[in-house]
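What you see below is based on every heavy atom in this structure, not just the backbone, and it leaves out hydrogens, waters and symmetry mates. This structure is a prediction, so every number in the text was calculated from the model and none was measured. All chains are named by letter (A, B, ...) in the order of the sequence lines, taking the proteins before the strands, and each is independently numbered beginning at 1.
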Amino acid sequence: MAFLEILESIRQTVQSYLSENNLSITNFTVEPSKPGFGDITCNVAFLLSKELHKSPQDISKEIVSFCSEKISKEIKQVIAHPAGHINFEIDYTRFNKSILLESTKPTYADIDIGSSKKIVVEHTSVNPNKALHIGHVRNIVIGDIISRILKKVNYNVKVLNYIDDSGLQVADLIIGFKHCGFSQDPPNNEKFDHYCGDTVYVGTTAKYNDDKNLESKRHEILKSIEDVDSEVSKFAQKITRNVLAAQLKTVWKLGVTYDCLNFESQIIHSQMWEKIFSKLKSQDLVRLEKTGKNEGCWIISSPNEDDKVLVRSNGVATYIAKDIPYAAWKLGIIDDPFNYKIYSIQDNKQTLYETTLDEIHEHDADKLIFTGDKVITVIDNRQIRLQKIVTDLMKRFTGNDSYVHLGYESVTLSSNTASNLGLETSEKSVQMSGRKGFYVDADLILENLHNKIYNESKKRNDGLSESELNSIAKSVSVGTIRYEMIKPDLDKIITFDLETSLKIEGDTCSYIQYSYARATRILEKSGISPDFNDDLSNLINQFEINLIKKIAMYDIQISDAANNLSPKVIARYCYELSVAFSSFYEHVMVLNAESEELKNSRLCLVTSFQKTLSNALSVLGIDSPDKM
RNA sequence: GGGCUCGUGGCUCAGCAUGGAUAGAGCGAUUGGUUGCGGACCAAUAGGUCAAGGGUUCGAAUCCCUUCGGGCCCGCCA
């Protein structure tokens with residue numbers, strides 16, 4: 001029995017008190033208490049005090065005497081605190097055994113919130129004209145961890161990456177290659193995404209100011225890209241796919257995978273826009289402006305905002321008009337025009353598909369499905385207005401909140417890091433810019449971190465092989481970058497600093513992984529596999545109890561993270577769990593315990609910790625290294 | 001100008017959804033930890049008018065309003 005079940009059983013007991021007394025309060029809380037106030041606390045006495053015209057203390061006393069009779073066996077004592085809280089104390093002599101055993105299973109905290117419902121998570125969606133920077137990494141990591149959390153709570157999750165292979169940024173690359181003399185082969189085997197972003201894209205956009213001719217070419221090219229059969233379109237496909245392939249190498253290094261790549265060019269050719277546009281018109285969600293500055297345009301209005309042009313007076317749809325059919329497709333609101341073919345097999349053996357409008361002849365007749373009953377789109381908060389329009393429209397179509405824009409704040413650079421990149425500033429932090437080539441590149445950070453961890457690990461371990469050191473460096477560097485990207489809340493700006501990103505002490509991923517390695521080492525050295533059938537009621541000192549309590553609360557955290565789409569909750573949990581273990585490790589002997597029975601019990605506890613931490617880290621996509 | 005958002009020790013952040021008991025961490029500072037499983041650690045001390053003011057409430061860091069300060073967004077660009 002883990003925490004959620006205990007909370008639920010207490011809730012029911014309190015509820016039965018309320019029912020017997022014809023009281024209708026339902027919004028009372030039953031939650032873990034602060035240290036020093038038992039294990040679990042309930043606030044129902046406060047809520048009843050007004051209705052019953054009695055003090056919270058008197059009410060809580062009554063409820064306590066009621067509960068003491070009927071409460072679950074896991075509860076040792078119920079206490080009415082003078083302040084009015086009702087506090088419950090867990091009977092650890094009973095609790096230890098069930099929780100320690102349960103926590104070692106891979107399915108620990110696999111609670112069912114999703115009931116296998118189909119859900120789509122879209123993230124990454126970086127324009128295929130440049131390399132990934134640290135801001136993109138935040139998006140990718142949030143999206144990946146959200147998808148892992150949702151899988152953990154029994155959603156059927158499909159992960160999508162939207163490839164905008166037909167926008168202006170693509171036209172810029174083509175101008176660079178065709179009209180500015182940039183070679184299609186990068187010098188010195190430079191990675192193609194870096195070359196396109198740093199050299200071709202930056203170099204080309206810099207020329208628009210001087211050369212007005214180029215600017216008009218840009219729009220010609222943009223038009224030709226949309227004509228599938230044109231040479232320009234085929235060239236654009238070749239370039240963007242090469243950039244995409246290079247970007248995916250970075251993404252896969254981060255341990256992230258997808259189910260399907262959706263290409264914007266195909267969305268345009270699929271005629272989905274035309275279908276959704278007529279649907280919008282028939283439901284009066286758009287209107288043709290007859291007068292004013294938007295005369296001749298189809299526009300969409302929303303309260304407190306300016307009207308947004310969907311279709312220009314020349315009949316050409318605007319940018320947001322691509323997002324609407326795509327959102328509708330993700331929700332299965334319009335017929336799926338796509339077929340799916342294999343793009344590649346990813347490192348974890350998972351097949352990555354891509355959309356295609358071609359006929360395909362597969363052996364299995366079942367059409368693949370990448371749409372969902374619910375959709376989560378991870379896009380940064382600068383797009384919140386456009387996403388709000390899309391969200392509102394989807395709500396009009398479905399009548400519910402099945403489309404969710406999961407926004408997050410941007411990553412900026414510290415002034416130190418900015419000056420490392422050649423920009424002196426008096427500001428505390430500064431925004432990155434792909435167009436100016438001013439950003440911290442994802443491959444570079446990973447490499448820096450990898451080297452740093454490699455050296456640290458080598459310093460601290462004798463006789464580890466090259467491959468062991470590299471594997472540790474990979475686990476810890478990827479873990480570090482993931483952890484740092486989700487530790488702050490989504491609505492906090494991350495000010496990235498190259499130097500402090502290399503820190504490995506305190507509240508960091510290495511601290512957490514280190515606690516895992518220490519636990520593993522104890523288990524290895526013991527040379528036995530602990531017996532969970534023994535009586536484990538001898539784990540009673542404060543360090544043991546603290547650790548057991550943290551282990552038991554895992555399912556609450558999973559539930560919290562899933563219900564609030566909050567990856568940070570699991571990151572904090574991993575850290576707190578590690579803190580509880582580190583303190584235990586310092587103060588409690590395992591291998592030299594006072595008796596064989598105690599040694600066995602403590603080994604069970606260490607095993608339980610180790611499995612639970614590894615379980616939680618895997619939800620964050622972070623490895624658990626045995627040594628480091 | 002309009003909209004959104006953030007403001008908690010020197011610095012970086014939890015806590016706010018669902019108001020309740022002593023506002024928690026990490027970094028930095030100061031100090032301690034040989035007999036014990038890896039010091040990427042542990043333990044202790046100092047450091048807070050929870051931006052300001054008002055309101056609701058028995059009770060506000062948490063809810064509401066106003067103000068101040070920072071950030072983002074507001075094209076027939078994508």
Q.
My understanding is that a pair needs two contacts under 3.5 Å, Watson-Crick or G-U wobble. By that rule, which nucleotide pairs with B/U22?
A. none
Q) For A/E289 and A/T291, which heavy atoms make the closest approach, and how far apart are they? A) CG-O, 3.3 Å
**Q.** Partner nucleotide of B/G53 by Watson-Crick or wobble geometry (both distances under 3.5 Å)
**A.** B/C65
Q: Indicate, with a heavy-atom threshold strictly under 4.0 Å, whether A/P35 touches base, sugar-phosphate, or nothing.
A: base
Q.
Need the pair for B/C4. Rule: Watson-Crick or G-U wobble, both distances under 3.5 Å, any strand; none if unpaired.
A. B/G71
Q.
Roughly how many Å apart are B/A46 and B/G10, using the C1' atom of each and rounding to a whole number?
A. 12 Å
Q | Contact residues, residues 482-498 of chain A to RNA chain B [heavy atom, < 4.0 Å] | A | A/P488, A/D489, A/D491, A/K492, A/I493
Q: State, yes or no, whether a side-chain contact exists between A/Y439 and A/K130 at a heavy-atom distance under 4.5 Å.
A: no
Q.
If you apply the rule salt bridge (charged side-chain N to carboxylate O under 4.0 Å, His left out), what do you find for A/D392 with A/K388, and how did you get there?
A. CA-CA 6 Å; A/D392 289 346; A/K388 176 118 188 353; 3.1 Å; yes
Q.
Which heavy atom of A/K436 sits nearest to which heavy atom of A/V202, and what is that distance?
A. C-CG2, 4.0 Å
Q | Aromatic-base stack, A/F46 on B/G20, cutoff 5.5 Å, angle under 30 | A | yes
Q) Can you tell me how far C1' in B/A51 sits from the matching atom in B/U8, rounded to whole Å? A) 10 Å
**Q.** Length of the line joining A/I522:CD1 and B/C41:P, which is rounded to integer Å
**A.** 16 Å
Q. Separation of A/I453 atom CD1 from B/A40 atom C1', in whole Å?
A. 9 Å
Q: Return no unless some side-chain N or O of A/Y511 is found under 4.0 Å from OP1 or OP2 of B/C42.
A: yes
Q) Is the CD atom of A/E499 crowded by more than 12 outside heavy atoms at less than 6.0 Å? A) no
Q: Select base, sugar-phosphate, or nothing to describe what A/Q431 touches, counting heavy atoms under 4.0 Å on all strands.
A: sugar-phosphate
Q) Looking for any heavy atom pair under 4.0 Å, which part of the strands does A/S583 touch: base, sugar-phosphate only, or nothing? A) sugar-phosphate
Q.
Whether A/R460 contacts B/A40 is assessed here as follows: a side-chain N or O lying under 4.0 Å from the phosphate OP1 or OP2. Is that the case?
A. yes
**Q.** A/H85 and A/F37 aromatic centres sub-6.0 Å
**A.** no
**Q.** Separation of the C1' atoms in B/A23 and B/G47, to the nearest angstrom
**A.** 14 Å
Q.
Check whether A/F581 forms a cation-pi arrangement with A/R518 (NZ or CZ under 6.0 Å from the six-membered ring centre, at most 45° off the ring normal).
A. no
Q: Determine the contact category for A/V588: base if any of its heavy atoms lies under 4.0 Å from a base atom, sugar-phosphate if only primed atoms, P, OP1 or OP2 are that close, otherwise nothing.
A: base
Q | Separation of the P atoms in B/G7 and B/A44, to the nearest angstrom | A | 29 Å
Q | Side-chain donor/acceptor of A/S33 to base of B/A21, under 3.5 Å | A | no
Q: Name the nucleic acid region contacted by A/S526, choosing base, sugar-phosphate or nothing; use a 4.0 angstrom heavy-atom cut-off, strictly under.
A: nothing
(Q) Checking base pairs now: Watson-Crick or wobble, both atom distances under 3.5 Å. What partners B/U30? (A) B/A44
Q: Output the single nucleotide from B/U57, B/A40, B/A21 whose closest atom is nearest the side chain of A/N87.
A: B/A21
Q. Is there a stack between A/H85 and B/A21, judged by ring centres under 5.5 Å and planes under 30°?
A. yes
Q. Who is the Watson-Crick or G-U wobble partner of B/C16, with both distances under 3.5 Å?
A. none
Q) Which whole number of Å gives the distance between the P atom of B/C50 and that of B/G24? A) 14 Å
(Q) Test salt bridge (charged side-chain N to carboxylate O under 4.0 Å, His left out) on A/R287 and A/D307; report intermediate values, then the result. (A) CA-CA 10 Å; A/R287 75 165 187 274; A/D307 292 345; 3.5 Å; yes
Q. Tell me, for nucleotides 73-78 of chain B in 5' to 3' order, what letter each nucleotide earns: B for a base near a protein heavy atom under 4.0 Å, S for only sugar-phosphate near one, - for neither?
A. SS-BSB
**Q.** B/S/- contact track for nucleotides 23-33 of chain B, protein heavy atom under 4.0 Å
**A.** --SSS-----B
Q. Do the non-hydrogen side-chain atoms of A/D172 and A/Y208 ever get within less than 4.5 Å of each other?
A. yes
Q.
Quick check on A/K322: does its NZ atom have over 12 non-hydrogen neighbours (other residues, nucleotides or ligands) under 6.0 Å away?
A. yes
